[in-house]
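Step one of this worksheet: look at the structure below.
Order of the sequence lines fixes the chain letters, A, B, ..., with proteins taken first and strands second; residue numbering starts at 1 for each chain. These numbers were taken from a predicted model, which means no experiment stands behind them.
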Amino acid sequence: MMHKKPKNLFQKVWDAHLVAENDDAPSILYIDLHLIHEVTSPQAFSGLRDKGLKVRRPERTIGTMDHSIPTLSLDLETADDMAVKQLAQFEKNCTDFGIQFYGMDSPNRGIVHVIGPEQGFTQPGQTIVCGDSHTSTHGAFGALAFGIGTSEVEHVLATQALLQNRPKTCLVKFEGKLQRGVTAKDMILALIARIGIGGGTGHVFEYAGEAIRTLNMEERMTLCNMSIEAGARAGMIAPDNVTFEYLAGRPYAPSGEAWKAALKKWRQLPSDKGAEYDQTITIDVSKLEPMVTFGTNPGMGTEINSSVPSPIHESDPAKKSALEKALAYMDLAPASALKGHPVDVVFIGSCTNSRMSDLRAAASILKGRKVAEGIRLLVVPGSENIRLEAEAEGIDEIVREAGGEWRFAGCSMCIAMNGDNLEPGQYAVSTSNRNFEGRQGKGGRTFLASPLTAAASAITGKITDPREFI
Amino acid sequence: MKSFTKLTSKIIPLPHTDVDTDQIIPARYLKVIDKSGLAEGLFDSWRRLEDGSQNPEFPLNQDEYQDAQILLAGDNFGCGSSREHAPWALMGWGISVVISTSFADIFRNNALKNGLLPIVVSEEIQKSLFDLSEEAPAATIDIDLEAQHFSLPNGDMVSFEIDTFSKTCLLEGIDQLGYLMKHENQIAAFEAMRNE
Ligand code: SF4
C-alpha cells in the first residue's frame, strides 16, 4: 500500500496552486483572489500602461477605497487634494482595466481585509494577495493570504501569478480556555510579546489548539491579522463548521450545488494527522490576562497588570538600546505601572478590530456610561455594511451618548493618512495593530489593546483592565 | 530595473533594530501616484526636528554621507507595512545597499525588485562595520555582487549569500515581470487544468 506523506494546511494550499517549480528560480504560484486599494496600486497600473499590458483576469481582482478616505462624510469634501487625486486615479484605473471596485457611495465599501470575508470573496483553500501586509487576516478561513509590494501587484494584475519561494511552517498551538474579558487580540499580542516581531520571519503560521476552535470567525480574523506583526508571511486556521456557517449565504460564496462541492473540497484542507512543521510553539491561554503594549513595536507588550520593563534588566545591548529608545519615545518610566496611565484618545477600529463583535464588545462597556472628561473616543466601523448593521442595533447611539465620535468606514487613525490622527505627545489606547513611532500621527504614542480594554480605558481616561467593567 | 554589479561607498550607520517601514517612509507621504519625491520623506520623523528643521544628529543630514550609498542597520530591517515606497524612498535618496543581520520578508522582496541589494551579515560583521563607521566615517567598502563578497579597508573579505535568481536579476537588471510573462503558457495550462 502506498502511503502519502501527510501534509499540513499550508502545504495543501501551496501545492494546489503551483504553476511551475524551477531549480534556480522561485516557484510560480497561481493567485485566486487579488484585493487592491488606492495607496499601493497606482504605480502598478502605471507599469501596465507603460508596457501596454492588460489585466489577465480582471474578475479575480476587487478594489476598495479605505486608507486615505475621510471618515467624517461619504463625500470627499474633507479630503486633501492629494488624497482626492489618488482616489480619482484609483477609480480610473479600475474602470479602465475592467476591475470591480467599491467607491465612496457603495454600501459594500470598507477596509480591504474586512470586505473580502464580508462579501464572501475570501474562501478556504484560496491563495489571496493584496498590496497590504495585513492580508494575513484572510488566513482565518484556511486561505494562504499574504501581503505583497506594488511590483508584485503589477505581476498579479498582468499574469494572475507570483514568483514565490516556499516559506517554512510553524504550528502555533493555543491551549486552554480564555478567561472572561480576555480576547483573541490578547492572544495574538501575547504570542508576539513572546517570540518578538521578527520571530515568524520566513514562516507561515498555522494556529491550532482548543482555544482556536472556540473562536468565532471575527476573532480568528483578529488573530490572523496580526501574524505579520510577528514577521510571519501569513497565518492560517483550518476551516471547520464555524468557517462554513460564516460563509454560507454571503454574496460571493458559492451556492446550491457549487456550495456542496466546495464544502467537500474545504473539508479536505485541515492538516493531516502526522503532518510536520519546521517549528512548533505552544501557548497556554488559561491564565492569560488582557494585554497592552508599552513600546514602539507590537512585540513590546505585556499583561495589563504588569509594569513597564526596565532596560537595566536587558543583557543584550541591541535589545537594551531598543527598549531605552522606545521608552524615551513613549515617555514611560522603567518599572512604572501600565494600568492607570493617563490617555488622551481611544481609537476603536482598523482591520484588526472593527467588525460587529468588536463594536458590540465596546458597546457593552460604553452603554449607559460616559467617556472621561477630555478624552476623545473615535469609533470607526470596518465597512459600510458593518456601520449600517451597528446603527440598526443602536451602537452608534451608545457611542454618541457616551460622548464618542461615530464615523463612516475606513482605516482612519490606524494609519492616520486621512486627517484622523494623534497630536504630538498624545497617548492613545488603540485596537489597531501597529504602535510604531508616529504611526497614528507624528509624535503620537500608541498602546495597543483589545476593544474591551479600549472601551474601559475611554470611560476612566486611563489604561484600565476591562474586567472591572464586566 | 536598475542593474547592480559593484559598488564602492561609505557606510551610513543607523544603529537601530527593527526599523519599520513607517519610519523609512511615513504614511503621510503615501498619497503619491508615482514614485517620485519620496526621498523627501525618507526617515522624515528622525531626519527632522519638531519645528521641521533638519536634525543635525541624523547621519543622512551630515555632509560626509551625502554621497554614501550603503545603509548599515540593526536587526530585522524593514518590518511592518508592505509599502514598496520604502525601497523607492531609499533609492530615491541614493541608497543602493542595505546591510543588516536580517530583513523582514516583504521588504527584502520589494528591495530586490527595485535593484536595491539587501546584504545579510553575521552579528560579528555587523558590529565590526558599525565600529568601522564610527572610527573612520570616511572609510569605504567595496561590494562585488558577482563574487558575492565585500572587502573592508584592512583587506578582509566578507562573503554574503544571495539566491541565484535574485542575483541574476540584479546583475542584469532583469524585470521579474518579464520572466513571469515568459511562463504565460504554463499559467494558461494551469487555468485550463482547473477548468477555467
Ligand atoms: S486598518 Fe490599518 S492595518 Fe488595516 S489595512 Fe487599513 S491601514 Fe492597514
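- When each of S45(B), A188(B), G80(B) is scored by its heavy-atom pairs under 4.5 Å with chain A, the top score falls to G80(B).
- Within the 4.5 Å cutoff, the side chain of E134(B) has no heavy atoms near those of the P13(B) side chain.
- Between F107(B) and P87(B) there is a side-chain heavy-atom pair separated by less than 4.5 Å.
- When heavy atoms are compared at a cutoff of 4.5 Å, Q89(A) approaches chain B solely by way of its side chain, counted from C-beta outward.
- Ring centers of F165(B) and Y179(B): under 6.0 Å apart, within the cut-off.
- Interface residue Q23(B): only side-chain heavy atoms are found under 4.5 Å from chain A.
- Per-residue heavy-atom pair counts under 4.5 Å with chain B were compared for H17(A), M82(A), Q86(A), R439(A), and the maximum is reached by Q86(A).
- Residue T159(A) touches chain B through both its backbone and its side chain, counting heavy-atom pairs closer than 4.5 Å.
- The side-chain heavy atoms of D50(A) and F45(A), taken from C-beta on, include no pair separated by under 4.5 Å.
- Contacts between L177(B) and chain A at a heavy-atom distance below 4.5 Å involve backbone atoms as well as side-chain atoms.
- With a 4.5 Å cut-off on non-hydrogen atoms, I28(A) touches chain B through its side chain but not through its backbone.
- Annotation: maximal heavy-atom pairing with chain B below 4.5 Å, among V39(A), T40(A), L87(A), occurs at V39(A).
- Salt bridge present: D44(B) and R28(B) bring a charged side-chain N and a carboxylate O closer than 4.0 Å.
- For the 3.5 Å distance criterion, the side chains of S133(A) and R434(A) qualify, holding a donor opposite an acceptor.
- Ranking W88(B), Y29(B), F103(B) against chain A, the residue ahead of the rest is W88(B), based on heavy-atom pairs under 4.5 Å.
- Counted by atom type alone, T17(B) and D75(B) present zero donor-acceptor pairs between their side chains at under 3.5 Å.
- Donor-acceptor pairing under 3.5 Å is lacking for the side chains of D24(A) and T164(B).
- Taking chain B as the reference chain and counting heavy-atom pairs below 4.5 Å, the highest number among K85(A), K442(A), H67(A), K319(A) is found for K442(A).
- More than 12 heavy atoms of other residues, nucleotides or ligands lie within 6.0 Å of NZ in K167(B), so this atom counts as buried by the packing criterion.
- A distance-only check finds no donor-acceptor pair linking the side chain of S151(A) to the backbone of K113(B) [under 3.5 Å].
- D80(A) touches chain B through its side chain: at least one heavy atom from C-beta onward sits under 4.5 Å away, while N, CA, C and O do not.
- Salt bridge annotation for E64(B)-K10(B): absent, with no cationic side-chain nitrogen under 4.0 angstrom from a carboxylate oxygen.
- For the set N109(B), V32(B), T21(B), the count of heavy-atom pairs under 4.5 angstrom toward chain A peaks at V32(B).
- The part of D34(B) that comes within reach of chain A is its backbone (N, CA, C, O), which places non-hydrogen atoms under 4.5 angstrom from that chain.
- Listed options D22(B), I33(B), D175(B) were ranked by heavy-atom pairs under 4.5 angstrom with chain A; first place goes to I33(B).
- Ranked by non-hydrogen atom pairs under 4.5 Å with chain B, the options I197(A), N433(A), I415(A) are led by I197(A).
- Proximity to chain B (any heavy atom under 4.5 Å) is shown, for A416(A), by neither the backbone nor the side chain.
- For the set A20(A), P26(A), G47(A), the entry with the most heavy-atom pairs within less than 4.5 Å of chain B is P26(A).
- The most heavy-atom pairs under 4.5 Å with chain B, out of E229(A), Q160(A), H134(A), E152(A), come from E152(A).
- With a 4.5 angstrom heavy-atom cutoff, D163(B) does not touch chain A via any of its atoms.
- Neither the backbone nor the side chain of A189(B) comes within less than 4.5 Å of any heavy atom in chain A.
- Looking at heavy atoms from C-beta onward, V156(A) lies in side-chain contact with I148(A) at the 4.5 angstrom threshold.
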